[in-house]
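Residue numbers begin at 1 in each chain, while the letters A, B, ... track the order of the sequences.
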Amino acid sequence: MPARPRFIQDLKRTHSCGVLTAADIGKTVVLFGWVQNRRDHGGCVFIDLRDREGLTQVVFEPETDAEAHQLAGTLRLEYVVAVRGEVRSRGSQVNPRLPTGEIEVRATQLEVFNRAETPPFPIEDRIDTAEEKRLAHRYLDLRRAPLQKVLVIRHRMNQAARTYLSGRGFLELETPFLIRSTPGGARNFLVPSRQNPGKFYGLAESPQLFKQLYMVAGFDRYFQIVKCFRDEDLRGDRQPEFTQIDLEMSFIAEPDVFAIVEGLMAELFRVAKGKEISAPFPRLTYDEAMARYGVDKPDTRFGLPLCEVTDLVRAAGSGLPLLPQAVEQGGVVKLLCLPGGGGLSRTELDGLEGVAKSFGARGLARAKIGAGGEWTQSPLAKGASPEFRAAVGERARAGEGDVLLFQFGKPKIVNGVLGQLRTLLAKRLGLIPEGRDDLLWVVDFPLFEYSDEANAYVASHHPFTAPRPEDVAHLLSEPGRVKARAYDLVLNGNEIGGGSIRIHDSAVQAQVFRALGISDEEARAKFGFLLDALRFGAPPHGGIALGMDRLVMLLAGGESLRDVIPFPKTQRGTDLMTGAPGEVGHAQLDELHVAAVPVAGAAKDTG
RNA sequence: GGGGUGUUAGUUAAGUUGGUUAUAACGCCGGCCUGUCACGCCGGAGGCCACGGGUUCGAGUCCCGUACACCCCGCCA
């Protein structure tokens, strides 16, 4: 009796588990995969075999092959097996929910490559297992089709970006991760240098300076799909290491960057969603965005604009409680008009005050407009004259039954609170149209922002961002009014990219450092290499970086970045699978010339 | 750094006013079953109620603290 052919050595995989159809009936096939499900009828045994492409039903019958049938009885979920058999019609018993539902494979040979312990959670499309448990066994979570689908889309987006940019003269060039720790901006992860006692590398928070140096070196167009590292507190849309599509171009201005990115976004939408988007994208100035939406990344898919009434309050005078005082102190008064009160109950509206406070508000004055234009349920009702109410109503286009939500005080707080309320209410009231995608550019950011904490101006983008030429004269005299040649790309209220035209003139760069309160010596010490580079013939240049993870999340679907990053960290930056970050021994620390300081109140030293 | 929610079997959840042996479903194990695809039927095992204190005759339940996860504010040039 001749030896049976062996799987892998003699019998190669002929098909994946997602492709067989009625057209394949009669073929002998070899499938490899995992046992998704088994239905054992004693006589015949059904197995759903799974690989990354899909599911195929395999049937084992004693009369077809007794040995395979007997072995099939021992199969359990997630066993890794090989099957050889004949593709057969299911006759009238098709499964319309499966792409391969017209056929099944009648097995003539079965081998178990590996058995599996019972998984800690089911390997199914829809599970409600705690994320904590899924992250601890991420390799099992990644077996599930929804995650595999996202990573396939992510692959396509990476491919599309490379193809698109390469086709337009961009070179994919690498930059170091281990760099000099840069002050300001995001906190760097530090890496102690064994060879240089007492010194540290910083992990690059972006390739910013190096891509500029590529421009100085004459590479003209650079791109990279690159990891960035930032040691800041995390959110659902922020991870300590994340990926950017980073690009930089020489001899260009803003419209050139916009055109390239608009084309790139069109490609990404195409491969991720099969959707065509229209370009150019609308442009909104930073000031317009703040005035109308309260944020610099407005979601324009719905209305609910903010409405400023500072001037009306000033004109109305002192009859009103609180408001005029806020205006006198240089504050602003803005409001959000909820048509028909948004259909919210009084209790729900009351609850908004707590929400507003969580966003930094001191309170949330509101007013419901009555039939005669009077204000009710409002602390402002008493002091507001009919004229004031009418003027406010007209400006806010408000009428009977509408509810006005007021904020007054410092613009930053007022805008922040109302801006966040606006998006929250839109979600809660279902105002966001399904399937709509709004892409837009926000431009003319301020070059500097005043930091109360630092008691000084700080760069709002980064210190290498070019000021608008007409503002250069004000750099030192009125830094607050200088606009930057910076731009953000916004998708549905999410910042998905940001960039700028850079400073290519060392004299301007020196002035910016001075405006930021960075002394020549300090600038020399920290960015000497860049200042030098700018003096040796730097071309005009600029670029942008797109947040790849966030893009995948928004285009492929996902609640958080953890759904689109294969091996993500928790909110505290830990990896529940590997246990990173972990403790290291004294010997390792000694070698690095580093000593760990025990945390106050910590349990004990396990060294 | 601050606010909020949660933690009960492998998984998801229930657990009343603090009171007998902590329930259910799915999964798991054993048996039966030749057309299932959420297969079905019979039987069984499985618990440090996150951890540490406290209140009480008695705590899964009440109080305090800790840990972990998630959401939000601050932070993210």
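Remark on RNA chain B: of its neighbouring residues A:Pro119 and A:Val59, the 5'-side contact belongs to A:Pro119, judged by nearest-heavy-atom nucleotide.
Atom CZ in A:Arg39 sits roughly 16 Å away from atom P in B:C41 (whole-Å rounding). Taking atom CZ on A:Phe60 and atom P on B:U36, their separation rounds to 18 Å, with Å as the unit. Here B:C33 presents its P atom at 17 Å from CD of A:Glu61, a figure rounded to the nearest Å. Atom-to-atom, CD of A:Glu124 to C1' of B:U12 comes out at 12 Å; the value is rounded to the nearest Å. For A:Leu75 and B:U36, the CG to P distance is 20 Å, given to the nearest whole Å.
The backbone N or O of A:Phe189 lies less than 3.5 Å from no partner atom in the side chain of A:Arg230, so there is not a single donor-acceptor pair.
Evaluation of A:His41 against the base of B:U36 yields no stacking contact (centre distance < 5.5 Å, interplanar angle < 30° required).
Using a 4.0 Å heavy-atom cutoff across all strands shown, A:Arg562 reaches sugar-phosphate atoms only and no base atom. Backbone-only contact: A:Glu131 has heavy atoms under 4.0 Å from sugar-phosphate atoms and none from a base. Residue-level contact check: A:Leu77 touches the backbone only, with heavy atoms under 4.0 Å from sugar-phosphate atoms and none from bases. Using a 4.0 Å heavy-atom cutoff across all strands shown, A:Gly236 reaches sugar-phosphate atoms only and no base atom. Nucleic acid contact class of A:Gln420 (heavy atoms, under 4.0 Å, all strands): sugar-phosphate only. A:Arg572 comes within 4.0 angstrom of the backbone, heavy atoms only, and of no base. Among the protein residues, A:Arg90 comes within range of the nucleic acid bases, having at least one heavy atom under 4.0 Å from a base atom. Among the atoms of the strands shown, base atoms are found under 4.0 Å from some heavy atom of A:Asp233. A:Thr465 comes within contact range of no nucleotide atom at all, as no heavy-atom separation falls under 4.0 Å. Among the protein residues, A:Phe121 comes within range of no part of the nucleic acid, since none of its heavy atoms lies under 4.0 Å from any strand. At a threshold of 4.0 angstrom between heavy atoms, the contacts of A:Glu449 with the nucleic acid are absent. Across all strands shown, A:Gln571 has heavy atoms under 4.0 Å from base atoms, whether or not it also approaches the sugar-phosphate.
Taking 3.5 Å as the limit, the base of B:G74 and the side chain of A:Arg235 contain a donor-acceptor pair of atoms between them. A donor-acceptor contact under 3.5 angstrom links the side-chain atoms of A:Arg88 to the base of B:G35. Put simply, the side chain of A:Glu117 and the base of B:G10 share no donor and acceptor less than 3.5 Å apart.
Inter-residue side-chain proximity for A:Val191 and A:Phe200 is flagged as unmet; no heavy-atom pair is nearer than 4.5 Å. Within the 4.5 Å cutoff, side-chain heavy atoms of A:Leu546 are placed close to those of A:Leu489. When side chains are defined from C-beta on, A:Val45 counts as touching A:His69, because their heavy atoms get closer than 4.5 Å. Within the 4.5 Å cutoff, the side chain of A:Arg115 has no heavy atoms near those of the A:Arg76 side chain. Residues A:Gln57 and A:Thr100 fail the side-chain proximity criterion, which asks for heavy atoms closer than 4.5 Å.
With C1' as the reference atom, B:A69 and B:U34 are 47 Å apart, rounded to whole Å. One P atom belongs to B:G35, the other to B:U16, and the distance between them is 46 Å to the nearest Å. B:U17 sits 28 Å from B:G4 when the C1' atoms are compared, rounded to a whole Å. Only the P atoms considered, B:A24 is 15 Å distant from B:G15, to the nearest whole Å. Spacing of C1' atoms, B:U36 relative to B:U21, comes out at 40 Å, to the nearest Å. When the P atom is compared between B:G43 and B:U7, the two are found 33 Å apart, to the nearest whole Å. Using P as the reference atom, B:U11 and B:C73 are 31 Å apart when rounded to the nearest Å. Only the P atoms considered, B:G60 is 15 Å distant from B:U8, to the nearest whole Å.
For A:Arg238, the listed nucleotide lying nearest its side chain is B:C76; candidates were B:C76, B:U34, B:U36. Comparing B:C70, B:C72, B:C71 by their closest approach to the side chain of A:Thr570 singles out B:C70. Set against B:C33, B:G10, B:U34, the side chain of A:Asp40 has B:C33 as its closest nucleotide. Side-chain atoms of A:Leu576 lie closest to B:A69 of the nucleotides B:A69, B:U11, B:C29. Checked against B:C68, B:C71, B:G35, the side chain of A:Glu132 finds its nearest nucleotide in B:C68.
Looking at A:Tyr450 and A:Asn455, their side chains do bring a donor and an acceptor atom within 3.5 Å of each other.
At B:U12, one or more side-chain N or O atoms of A:Lys133 fall inside 4.0 Å of OP1 or OP2 (strictly under the cut-off).
Between A:Arg428 and A:Leu352, the shortest heavy-atom distance links the atoms NH1-CD2, 3.8 Å.
Of all nucleotides present, none satisfies the Watson-Crick or G-U wobble test against B:G47 with each distance under 3.5 Å. In this structure B:C41 sits in a base pair with B:G31, meeting the Watson-Crick or G-U test at under 3.5 Å. Pair assignment for B:C62: B:G54, on the basis of Watson-Crick or G-U wobble contacts that are both within less than 3.5 Å. Base pairing of B:U12 is made with B:A24, judged by Watson-Crick or G-U wobble geometry with both donor-acceptor distances under 3.5 Å. Pair assignment for B:C70: B:G4, on the basis of Watson-Crick or G-U wobble contacts that are both within less than 3.5 Å.
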